[in-house]
Each structure stands twice: as structure tokens, then as C-alpha cells.
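We're numbering straight along the sequence, starting at 1. Below, each value reflects all heavy atoms present in this structure, side chains not excepted, and no hydrogens, waters or symmetry copies.
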Amino acid sequence: MDLPINRTLATEVILLGFSKNSKINLALFFYFLVIYLVTLFGNGFMVFVIIFSSHLHTPMYFFLCNLAFIDFFYSSTTVPKLLVDLWSSSGRTSIIVCGIQVHVGLFLGGTECLLLALMAYDRYAAICKPLYYPVLMRWSMCHRLVALVWVCSFMNSALPSLLMPMRACNPNQLNHFVCEVLVVIKMSCDSTAKNDLVILFLSLFSLFFPFVFILVSYACILHSVLKIQSVGRSKAFSTCSSHVIVVTMFYGTALIMYCGPSSKYSPNFGKYISVFYAIIIPMLNPLIYSLKNKEVTKIFLAKNKFSLHHQN
């Protein structure tokens, strides 16, 4: 297919980032470096504790281990390249690397969306169907459900690009700090009508439908919890509080980004929203689950006491 008039194929992408001021970029470098180190430690700690603590080998912690694993690598697809760009003030990246970043980001982001819906189903089964919970969430079923989440997310992110490959044309400057699909698609040499339709379908499958499923699950949970006594009610709510906070943060920003009216937002709005759901949330997730979870907190405190005692 011929290229449009006055358009040439792009061989690289220039990410404009946040600022051209070297001092601001240096400050942002250390800011995001601290966030990244906290993210790696927090999510790595969650995975380590859940794997090596036998009393945490339950469906809820199995799903939480997968969530921490996703956040560990989700952040790693964005922050290291961002740190390099902030340090060098270059922002240049090849089309291939940019494409990989887009697809890995879609894959891991979509997996987290579906996994959060699966975690909502786990809480529904535990609270609304306690007698059937050992059957509904037996280990064989948990493994199949998680495998289904990963496979569906991979198919959802990989198939559209294989069936409808996009040619990227100049100009190649993107007002963003990462190769994000909604920004990269603007470099398309051809009409983006089909691509926009594909993105809408992906958003419905990965965001809207799982979010509706989560809302229905918690509506059923709320209906069941209101029937029990106050003591059991507070315990039931405490088991869901961490998940509700994470869902609110992740789906809130993602729905604004992918399903909101982009014409009403400033050019920099999507960039700042991406910072929150691609960098900040992966750091907050292990902190939220650790602080809200007595078992994980006890293990963390016990390890610290052991370390201090061993040093003394």
C-alpha cells in the first residue's frame, strides 16, 4: 500500500517527556527512581512471602501473588526507559522497542484488569457461598481461572495487532513519557477508524465488562453482609477493603483514560493519568495489601525483629 502524500515511514520515536529543563528532569529522575525501588521491593516481598509461607497458600493469596508479579513487571516496562530518558534528556527510541512497550503494557494491564475481577469473584464466593467455597475455589479451579486470565489477556492484546498491523509515519514526536497505544496510534500512516474501533472493543473486554462484573459481585456481597450480625459484618468488610481501594484506583484512572471523552482533556492530561496507573498504583498495591492484611504485616514485623536480633 502506498504512503499518503508528504508522509514518510518513521524509524524511531521521540518521547517529549515532562520537561526540557535539565534540573526538573534530574529531580524527576530521583523521584521516579525511589518509586521504582519501592515498587520492586514491595511487590517482590509480597511474592516471596506468599510463596514461602505455607499458611498463605490460599486462593486469595494466590491471586494476590499474581497481582504482585504483574505490578513488578508492569512497572518495569515503563520506569527504566523513563529513567534513561530523564537522565539523558533524549527520549529517542526505536519503532520496534516502542511497539514492544505498547504490547507488553496492553498485555499486563489487561491481565491486571481481569485478575481484579477474578479476585472479586473469590471474595463473592467466600462471603456469599461459604459452604461451597472449598469446591468453587479448589486449587485446580484457581489454576485454570488464572491461566484463563493470562491467555485471554494475551489474545486480547496480541491478535488485533497481528490482524491489523499499523504503519508508523512521521512526524514522530509524541507528547508522552511512554509508548502508550492511544498516543502511538496517532502516528498511523493510514486512517485510524478501524484502530479506534479495535481499541473500543479492547476497552469493553478488558475494562468495562470486568468492572461491571466487579460491581455486581460487590452488590451481592453487600446484600449478604447486611444480613449478618455486626461482628461478622465488620470482618467481612475488612476482607474486601484492600481490594475495593485497589479497584477504585486502577479502574478509575483506566476508565478515564480509555473510555472518557478525550476531546475534553488537555494534551498533557493523559500523560499524568498514565503516571498514576502505570507507576504510582504498582507501588501502592503491595503497601495497601500489606497494611490492611494482618498475616502479611506479622510476617514483615517478624522478619525485621529477626534481622535486628541477628545483627545484635
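At distances below 3.5 Å, at least one donor-acceptor pair connects side-chain atoms of Gln101 with backbone N or O atoms of Thr77.
For the pair Met141/Leu136, no side-chain contact is recorded, criterion being any heavy-atom separation below 4.5 Å from C-beta on. Residues Glu180 and Lys271 are not in side-chain contact: their nearest non-hydrogen atoms beyond the backbone lie 4.5 Å or more apart. With a 4.5 Å cut-off on side-chain heavy atoms, Asn285 and Phe250 do not count as touching.
With a 6.0 Å radius and a threshold of 12 heavy atoms from other residues, nucleotides or ligands, Tyr133 has its OH atom above the threshold.
Evaluated for a side-chain contact (heavy atoms from CB on, under 4.5 Å) with Cys65, the options Val49, Leu56, Val47 yield exactly one hit, Val47.
For Asp71, there are no salt bridge (Lys or Arg N to Asp or Glu O under 4.0 Å) partners, not counting sequence neighbours.
Classified by interplanar angle (parallel below 30°, tilted 30° to 60°, perpendicular above 60°), the ring pair Phe18/Tyr272 is parallel. Ring geometry for Phe201 against Phe205 counts as parallel: the plane angle stays under 30°, on a 0 to 90° scale with 60° as the upper cut. Taking the six-membered ring where tryptophan is involved, the planes of Phe29 and Trp87 are tilted, since the angle between them lies from 30° to 60°.
In the hydrophobic clustering of ILVMFWY residues, with side-chain heavy atoms under 4.5 Å counting as a link, Tyr74 and Val84 come out apart. Clustering ILVMFWY residues whenever any of their side-chain heavy atoms sit less than 4.5 angstrom apart, transitively, puts Leu16 in a cluster other than the one holding Ile24.
In this structure, the ring of Phe69 has its center less than 6.0 angstrom from the ring center of Phe73.
Checked against the 2.5 Å cut-off, the SG-SG distance between Cys98 and Cys179 falls under it.
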